[in-house]
Amino acid sequence: MGDVHKFRKLKNARRNSRGSRLTHWRGPTRRRWTRVQSVVVIIGLLFGASLGLKLIGGTGFASEDASFQCGSIRVIDGDTFDCGSIHIRLSGIDAPELPGHCRQGRQCTQGDPYAAMQNLQNLVAAGSVQCHKTDTDRYGRTVARCTSNGVDLSCGQLSAGQAVRRYGYILCL
């Protein structure tokens with residue numbers, strides 16, 4: 001059929017012999033984008049850019065190897081252990097530091113660091129340790145939520161009184 005065109009009357013239009021205004025063709029009206037359409041396009045572009053980074057090897061999404069299982073474990077203190085060659089810091093908790101490990105000017109968690117370390121050793125000895133990386137701290141350690149025999153290690157340290165909640169929210173059931 002064809003496009004439907006609207007006619008508009010101009011304010012200063014000439015009048016015909018009967019006194020009515022003559023209409024002048026203004027052409028088709030342009031549709032403007034709504035705010036919602038603009039937001040949808042922007043979100044689509046951001047998603048496409050993220051997907052493109054993922055395809056070319058960038059850091060668009062979390063990597064597939066964010067979850068891993070630990071074979072050999074060496075407990076360093078109440079909230080840190082080595083999982084093979086990976087240095088793990090338990091997410092959401094802070095345990096007492098071993099003597100000489102508390103930086104000057106920092107208020108370290110009170111308690112028995114050896115009891116915290118022993119409790120973490122008991123927790124990891126209960127079964128295989130499965131970890132999910134959540135972050136990397138300023139020292140290059142992998143921050144992770146880890147479980148051993150179905151028990152969250154951070155929650156296990158909290159429930160035993162060997163650590164305190166720190167660095168965000170952690171849900172323990």
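Numbering starts at 1 and runs along the sequence shown. Just so you know, these numbers come straight off a predicted model, no measurement behind them.
- Contact record, Phe81 with Val75: CB-CA, 3.8 Å, taken as the closest heavy-atom pair.
- Closest of all the heavy-atom pairs between Ser91 and Thr134 is OG-OG1, 4.0 Å.
- Under the rule for a side chain to side chain contact (heavy atoms under 4.5 Å, CB included), the partners of Asp112 that lie at least two apart in sequence or sit in another chain are Tyr114, Ala115.
- Under the side chain to side chain contact (heavy atoms under 4.5 Å, CB included) criterion, Ala95 pairs with Asp79, Ala116, Ala163, not counting sequence neighbours.
- Among residues two or more places apart in sequence or in another chain, the side chain to side chain contact (heavy atoms under 4.5 Å, CB included) test is passed with Ser38 by Trp33.
- A distance-only check finds no donor-acceptor pair linking the side chain of Thr142 to the backbone of Lys133 [under 3.5 Å].
- Other cluster members for Val39: Ile43, joined by side-chain heavy-atom distances under 4.5 Å among Ile, Leu, Val, Met, Phe, Trp and Tyr.
- No donor-acceptor distance shorter than 3.5 angstrom exists from the side chain of Ser154 to the backbone of Ile93, with no hydrogens or angles considered.
- The closest side-chain heavy-atom distance from Glu97 to Pro113 is not below 4.5 Å.
- Leu46 belongs to a hydrophobic cluster whose remaining members, ordered by chain and number, are Ile42; membership requires side-chain heavy atoms of ILVMFWY residues under 4.5 Å apart, directly or through intermediates.
- Disulfide check for Cys83/Cys70 passes, with the SG atoms closer than 2.5 Å.
- Applying the salt bridge (charged side-chain N to carboxylate O under 4.0 Å, His left out) criterion to Asp152, with sequence neighbours excluded, gives Arg145.
- Applying the side chain to side chain donor-acceptor pair (under 3.5 Å) test to Gln157 and every residue at least two apart in sequence or in another chain returns Asn119.
- Applying the side chain to side chain donor-acceptor pair (under 3.5 Å) rule to Gln37 yields the partners Thr34; only residues at least two apart in sequence or on another chain are considered.
- The line from CG of Asp77 to CD of Gln162 is 12.0 Å long, rounded to the nearest 0.5 Å.
- Scored by the side chain to side chain donor-acceptor pair (under 3.5 Å) test, Ser128 finds Gln69 as partners (sequence neighbours excluded).
- For Asp137, the side chain to side chain contact (heavy atoms under 4.5 Å, CB included) partners are Arg89, Tyr139, Arg141, Val143, not counting sequence neighbours.
- Residue Val129 comes nearest to Cys146 through the heavy atom pair CG1-CB, 4.2 Å, listed as atom of the first residue, atom of the second, then distance.
- Under a hydrophobic-cluster definition in which Ile, Leu, Val, Met, Phe, Trp and Tyr are linked whenever side-chain heavy atoms come within less than 4.5 Å, directly or via other members, Leu98 and Val164 are assigned to different clusters.
- Checked against side chain to side chain donor-acceptor pair (under 3.5 Å), Asn122 has the following partners two or more places apart in sequence or in another chain: Gln118.
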Legend entry - Stepwise side-chain contact (heavy atoms from CB on, under 4.5 Å) test for Leu90 and Leu120: CA-CA 10 Å; Leu90 291 176; Leu120 184 57; 3.9 Å; yes
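- Two different hydrophobic clusters hold Leu153 and Ile76 under the rule that ILVMFWY side chains link at heavy-atom gaps under 4.5 Å.
- Interatomic distance, Ile73 CD1 to Cys131 SG, rounded to the nearest 0.5 Å: 7.0 Å.
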